Each structure stands twice: as structure tokens, then as C-alpha cells.
Amino acid sequence: MRLLLVEDTFDMAEAIMIRLGRSGIACDLAKTLEEARACVTVQRYDVIVLDINLPDGLGTELLKEIRARGERTPVLMLTAEFSVDDRVSSLNSGADDYLVKPFDHRELEARIRALYRREQGDKAEELTLGSLTFNASARVVRQDGSPITLTRREFSLLEILVRNRGKTVSKERLFEGVFSFQDTDVSMNALELYIARLRKKLSGGSVRIETQRGLGYKLEVDD
């Protein structure tokens, strides 16, 4: 999952990024409205976490711009305000959810994953694909009942393939979903390395990763 965090309070932003990074979520940070606009111009995100009060304007301005372009990216608003009017205004502007500061980071992550599942069309937290059981919230993957140990990036890669099972996912889309702007020293070769490791760990089960030559990769489930 690739996420954009728009938050100008450094300590809070750093804590959120550390928490989400440990959970395998690739996270880009924008500290102002203009930085956020620049990010969404060049990158597609699975979820946007957007603070309302920013140094150069209101987060709702960006939200309205995104929705005016017809983009459906799930947006969770962060606010220090307790006003019902502010919350209603955010939801009416196209926000999918909101969280009032201060908040528990576990709740933030749970809400982010819920928005991501909803957008991907998966309402259940745990998915069963043949011999494979995948639970993104608990970060547990089992094959024939036995747990598979994955690194955070292997898990993120598998999650994208699971959410798009049966569809070809381009290398570019997979790369963007696993690595953030901070990973400037990572090349596309790294993605192929993670694919190879993931294939090895999934071998022997009914789920396999197929290469669609020139297009990308597809997760297939044997009957």
C-alpha cells in the first residue's frame, strides 16, 4: 500500500510514518498544501491521510480539488477540532473518514486498512485463496494452516497481488506500492528480487505468482 501523509507537525508525522512503515505501508510525507499537491500530481496513492489545518491553507482545499477531478482515492481527515460543523464539512467535501487528535496510532492504522479494503472491494479482514490464508490487519499469512514468515516489503507486495488477484499488476504499480519517495536508492531490480523470494516462500501451495511477460505479474489460484 502507498500512502500520502499530509501533516505539518513533525513529531506526529514521524511517529505515524514509523508505525505505518513497520506495518509495511510505503508512506510519503507532505508538510504543506503545495507539497501535497505536488505529490498527488506525480504519484497515485491508495490512501491519503490529510490534516485539516496546514501552514498554507486547509486540507479540505486539496480534498475538493481531488474530488473535482473525479479521483476516488480514500481520504481520512485528521483534525484537532471537536466541532461537528468541521467534521460534517469534511465529509460533505468528499472525505471517507476522519479522526480527532490526539488518537491511538493503532486506530489510525486500522481505519487506513479498512478504507483500503473497501476501495479494493474486500470487506473481510481475512481472505482465503486456495491453501493460502491472508490477514492484512493481523499481518498473518498461512499456507495449509502453517504460518509463512514474510518481511514487511514481501508482505506489502503479496497484499497488492492478493487485492488484485486474477489481474495483471504492472511492475510500476507494484514498485510504487512497496517503495516510497525516500527509497531513492532502490531500482526495479529490487522488485524482481522480492518477487523471487515471495515465489519461493509460496511454493508448494495452490497460489502462485505468474509473470505476464512485458506486462507485470498476476496471482493465480489453482482449483
Side-chain angles (χ1 to χ4, degrees), residues 1-10 12-21 23-80 86 89-99 101 108-109 111-121 153 156-157 159-161 163-164 167-191 215-217:
M1 184 196 313
R2 183 77 173 264
L3 178 142
L4 175 63
L5 171 63
V6 187
E7 169 61 60
D8 65 312
T9 305
F10 179 75
M12 176 175 289
E14 184 179 43
I16 291 174
M17 291 181 72
I18 290 173
R19 167 83 191 195
L20 297 182
S23 298
I25 298 174
C27 190
D28 294 328
L29 173 64
K31 298 183 288 296
T32 67
L33 206 53
E34 283 308 306
E35 287 182 8
R37 286 187 176 115
C39 286
V40 298
T41 298
V42 300
Q43 177 63 50
R44 184 183 69 161
Y45 292 98
D46 296 303
V47 178
I48 297 175
V49 176
L50 180 58
D51 191 15
I52 288 183
N53 295 306
L54 296 166
D56 54 346
L58 296 176
T60 48
E61 295 177 37
L62 179 64
L63 174 60
K64 291 175 181 177
E65 293 167 11
I66 291 172
R67 294 299 183 244
R69 294 195 294 265
E71 297 176 15
R72 294 177 47 194
T73 307
V75 176
L76 185 151
M77 303 296 294
L78 298 179
T79 175
D86 286 332
S89 175
S90 296
L91 293 172
N92 286 341
S93 296
D96 298 275
D97 198 359
Y98 67 84
L99 202 53
K101 301 176 183 178
L108 173 63
E109 183 181 344
R111 287 175 181 249
I112 288 169
R113 291 197 178 280
L115 288 175
Y116 182 57
R117 287 199 309 272
R118 189 179 74 185
E119 182 63 20
Q120 297 297 317
R153 282 179 174 160
S156 297
L157 188 57
E159 180 171 17
I160 297 171
L161 292 168
R163 300 297 183 194
N164 293 277
K167 302 176 184 176
T168 299
V169 185
S170 69
K171 289 184 179 181
E172 291 75 19
R173 173 72 185 93
L174 290 171
F175 187 88
E176 290 174 355
V178 175
F179 301 102
S180 69
F181 287 137
Q182 292 179 318
D183 300 312
T184 55
D185 58 340
V186 179
S187 70
M188 193 65 75
N189 290 336
L191 175 67
L215 298 174
Y217 299 95

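Everything quoted here is computed from the prediction, not taken from an experiment. Sequential numbering from 1 along the given sequence is applied to the chain's residues.
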Min side-chain heavy-atom separation Ile48-Val40 under 4.5 Å
yes
Between Lys64 and Ser93, what is the shortest heavy-atom contact and its length?
CE-OG, 3.3 Å
Mind checking the CG-CD spacing from Asn164 to Glu159? Nearest 0.5 Å is all I need.
10.0 Å
Residues Met1, Ile112; criterion side chain to side chain contact (heavy atoms under 4.5 Å, CB included); working and verdict
CA-CA 10 Å; Met1 184 196 313; Ile112 288 169; 3.7 Å; yes
Residues Ile52, Ser90; criterion side chain to side chain contact (heavy atoms under 4.5 Å, CB included); working and verdict
CA-CA 9 Å; Ile52 288 183; Ser90 296; 3.5 Å; yes
List the steps, then state whether side chain to side chain contact (heavy atoms under 4.5 Å, CB included) holds for Leu78 with Asp51.
CA-CA 4 Å; Leu78 298 179; Asp51 191 15; 4.1 Å; yes
Does Tyr98 have any ring-ring contact (aromatic ring centres under 6.0 Å, His included) partners at least two apart in sequence or in another chain, and if so, which?
none
Could you check if a side-chain atom of Arg118 sits within less than 4.5 angstrom of a side-chain atom of Asp96, using non-hydrogen atoms only?
yes
Using 0.5 Å steps for rounding, measure from the CD atom of Glu7 to the CG atom of Leu50.
9.5 Å
Give, for atom CZ of Arg163 and atom CD of Glu119, the distance between the pair rounded to the nearest 0.5 Å.
12.0 Å
Between Asp183 and Arg153, is there a salt bridge with N-O shorter than 4.0 Å?
yes
Is a donor on one side and an acceptor on the other found under 3.5 Å between the side chain of Asp28 and the backbone of Phe181?
yes
Side-chain contact test, heavy atoms from C-beta onward, threshold under 4.5 Å: evaluate it for Ile160 versus Val178 and give yes or no.
yes
Hey, what do you get for CG (Leu63) to CG (Asn92), rounding to the nearest 0.5 Å?
10.5 Å
Electrostatic pair Arg173:Asp46 at N-O distance under 4.0 angstrom:
yes
Can you measure from CG (Leu5) to SG (Cys39) and round to the nearest 0.5 angstrom?
10.5 Å
d(Leu33 CG, Thr60 OG1) to nearest 0.5 Å is 8.5 Å
Given Leu58 and Asn53, is the side chain to side chain contact (heavy atoms under 4.5 Å, CB included) satisfied, shown in steps?
CA-CA 5 Å; Leu58 296 176; Asn53 295 306; 3.6 Å; yes
Non-hydrogen side-chain atoms of Arg67 and Val75 separated by less than 4.5 Å:
yes
Which pair of heavy atoms, one from Gly57 and one from Glu61, lies closest together, and at what distance?
CA-OE2, 3.8 Å
Nearest heavy-atom approach of Glu35 to Leu29 is OE1-O, 4.5 Å
Give the intermediate values and the outcome of salt bridge (Lys or Arg N to Asp or Glu O under 4.0 Å) for residues Arg113 and Asp97.
CA-CA 12 Å; Arg113 291 197 178 280; Asp97 198 359; over 6 Å; no
Flag, side chain of Arg2 to backbone of Phe179, donor-acceptor distance under 3.5 Å:
yes
Minimum-distance pair of heavy atoms, taken over all atoms of Asp8 and Pro55:
CB-CD, 3.6 Å
When you compare the side chain of Leu4 with that of Gln43, does any pair of heavy atoms fall below 4.5 Å?
no
Tell me, do Ile16 and Leu108 make a side-chain contact under 4.5 Å, heavy atoms counted?
yes
Kindly give the heavy-atom pair with the smallest separation between Ala26 and Gly177, and that separation in Å.
CB-O, 3.9 Å
Residues passing the salt bridge (Lys or Arg N to Asp or Glu O under 4.0 Å) test with Arg44, sequence neighbours excluded, are none
Taking CZ in Arg72 as the centre, count heavy atoms belonging to other residues, nucleotides or ligands within less than 6.0 Å. Is the count above 12?
no
Looking only at heavy atoms, what is the nearest atom pair of Cys27 and Met17, with distance?
O-CE, 3.5 Å
